[in-house]
Amino acid sequence: MGQNLYSIFETDHDLERGGISVRYGEAVFLIARAGGANLAFKTDMERQMRPYRSSVQSGTLSDGIAEDILRSAFAKTVVLDWEGVTDREGKEIDFSPEAAEQLFKNLPDLFDDLQTQSQKISNYI
């Protein structure tokens, strides 16, 4: 008999909120799920989007503003910690949501990959 739907789709809510480790070389990121049981992400996105509600409804919200909001919410509520993250010169960068947001501005492909990892159901089962 094959896998049932629960074994395929039921996630661990503690992992969704408490995070998983994602490694890139020497750098390790602890990330919660972007969605699911991580209600802080949804709440922060809604709070930041509130002033732009009419622009969203009319389809006129600029991509830049939407990206800034997503990056900010992600840095505050999905990235929980990191270790081994350094700048170009190899100096360690202490974790903070502000530092994460700046890192994602500097390295948009890292941001894209962490987003992908934070949305994979299989990472949180």
Side-chain angles (χ1 to χ4, degrees):
M1 181 176 250
Q3 293 179 309
N4 71 32
L5 292 176
Y6 286 90
S7 68
I8 297 170
F9 291 102
E10 187 173 42
T11 58
D12 180 328
H13 296 304
D14 290 334
L15 278 179
E16 288 183 323
R17 289 185 296 267
I20 60 160
S21 294
V22 178
R23 178 178 290 277
Y24 303 97
E26 296 297 316
V28 179
F29 292 81
L30 180 65
I31 59 168
R33 186 168 178 203
N38 182 7
L39 299 178
F41 177 70
K42 179 181 177 185
T43 301
D44 195 64
M45 284 289 295
E46 288 174 356
R47 180 189 60 75
Q48 290 193 61
M49 291 295 280
R50 198 169 296 127
Y52 303 100
R53 188 169 288 144
S54 62
S55 296
V56 171
Q57 291 171 345
S58 67
T60 60
L61 182 66
S62 78
D63 289 343
I65 290 173
E67 289 170 14
D68 288 346
I69 291 170
L70 176 60
R71 192 172 36 244
S72 172
F74 194 89
K76 289 180 197 169
T77 64
V78 175
V79 181
L80 305 175
D81 200 3
W82 67 38
E83 59 184 55
V85 174
T86 60
D87 63 15
R88 278 186 187 89
E89 289 75 40
K91 182 179 179 231
E92 186 128 357
I93 301 171
D94 291 331
F95 172 75
S96 71
E98 297 79 18
E101 194 171 346
Q102 185 61 52
L103 183 67
F104 299 151
K105 285 180 186 178
N106 295 343
L107 300 172
D109 291 327
L110 170 63
F111 179 54
D112 290 346
D113 195 69
L114 281 171
Q115 277 185 280
T116 298
Q117 297 303 319
S118 74
Q119 295 169 355
K120 277 187 183 174
I121 292 172
S122 62
N123 284 337
Y124 300 94
I125 291 179

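Just so we're clear, the structure is a prediction, and the values are computed from it rather than from any experiment.
A salt bridge (charged side-chain N to carboxylate O under 4.0 Å, His left out) check over residues 60-73, counting only residues at least two apart or in different chains, returns the pairs Asp68-Arg71. Applying the side chain to side chain donor-acceptor pair (under 3.5 Å) definition to pairs two or more places apart or across chains, those involving residues 100-111 are Gln102-Asn106. Screening residues 36-72 for ring-ring contact (aromatic ring centres under 6.0 Å, His included) gives no qualifying pairs among residues at least two apart or on separate chains. Identified under the side chain to side chain donor-acceptor pair (under 3.5 Å) test for residues 81-92, with sequence neighbours left out: none.
Under the 4.5 Å side-chain contact rule for hydrophobic residues, Phe95 and Ile93 share a cluster. Tracing side-chain contacts under 4.5 Å through hydrophobic residues (I, L, V, M, F, W, Y), one never reaches Val28 starting from Leu107; they form parts of separate clusters.
Summarising the geometry, atom NZ belonging to Lys76 is positioned 12.0 Å from atom OG belonging to Ser96; distances are rounded to the nearest 0.5 Å. The structure places CD of Gln119 at 9.0 Å from OH of Tyr124, a figure rounded to the nearest 0.5 Å. The distance from atom CG of Asp12 to atom CD1 of Ile20, rounded to the nearest 0.5 Å, is 11.5 Å. Note that CE of Met49 is 9.5 Å distant from CD1 of Ile65, once rounded to the nearest 0.5 Å. The distance from the CG atom of Leu80 to the CG atom of Asn38 is 7.5 Å, given to the nearest 0.5 Å.
In this structure a side-chain-to-backbone donor-acceptor pair under 3.5 Å is present from Glu16 to Ala37. Between the side chain of Arg23 and the backbone N or O of Gly25 there is at least one donor-acceptor pair closer than 3.5 Å.
Not counting sequence neighbours, the partners of Ile125 by the side chain to side chain contact (heavy atoms under 4.5 Å, CB included) test are Thr11, Ile121. Qualifying side chain to side chain donor-acceptor pair (under 3.5 Å) partners for Ser58, counting only residues two or more places apart in sequence or in other chains: Thr60. Remark: Thr43 engages no residue in a side chain to side chain contact (heavy atoms under 4.5 Å, CB included) (not counting sequence neighbours). Residues satisfying the side chain to side chain donor-acceptor pair (under 3.5 Å) criterion with Asp44, sequence neighbours excluded, are Arg47, Gln48. By the side chain to side chain contact (heavy atoms under 4.5 Å, CB included) test, Ala66 pairs with Leu61, sequence neighbours left out. Not counting sequence neighbours, the partners of Phe74 by the ring pair (Phe, Tyr, Trp, His ring centres under 6.0 Å) test are Phe104, Phe111. Judged as a ring pair (Phe, Tyr, Trp, His ring centres under 6.0 Å), and not counting sequence neighbours, the contacts of Tyr24 are Phe29.
In the hydrophobic clustering, Leu39 connects to no other residue, as no ILVMFWY side-chain heavy atoms lie under 4.5 Å from its own.
Here the shortest heavy-atom pairing between Arg33 and Val78 reads O-CG2, 4.3 Å. Listed here is the closest heavy atom pair of Ala75 and Ala100: CB-CB, 3.9 Å. When all heavy atoms of Leu30 and Gly19 are compared, the closest pair comes out as CD1-C, 3.6 Å. Nearest heavy-atom pair across Ala27 and Val85 is CB-CG2, 4.0 Å.
Side-chain contact between Thr116 and Asp112 is absent, with no heavy-atom pair separated by less than 4.5 Å.
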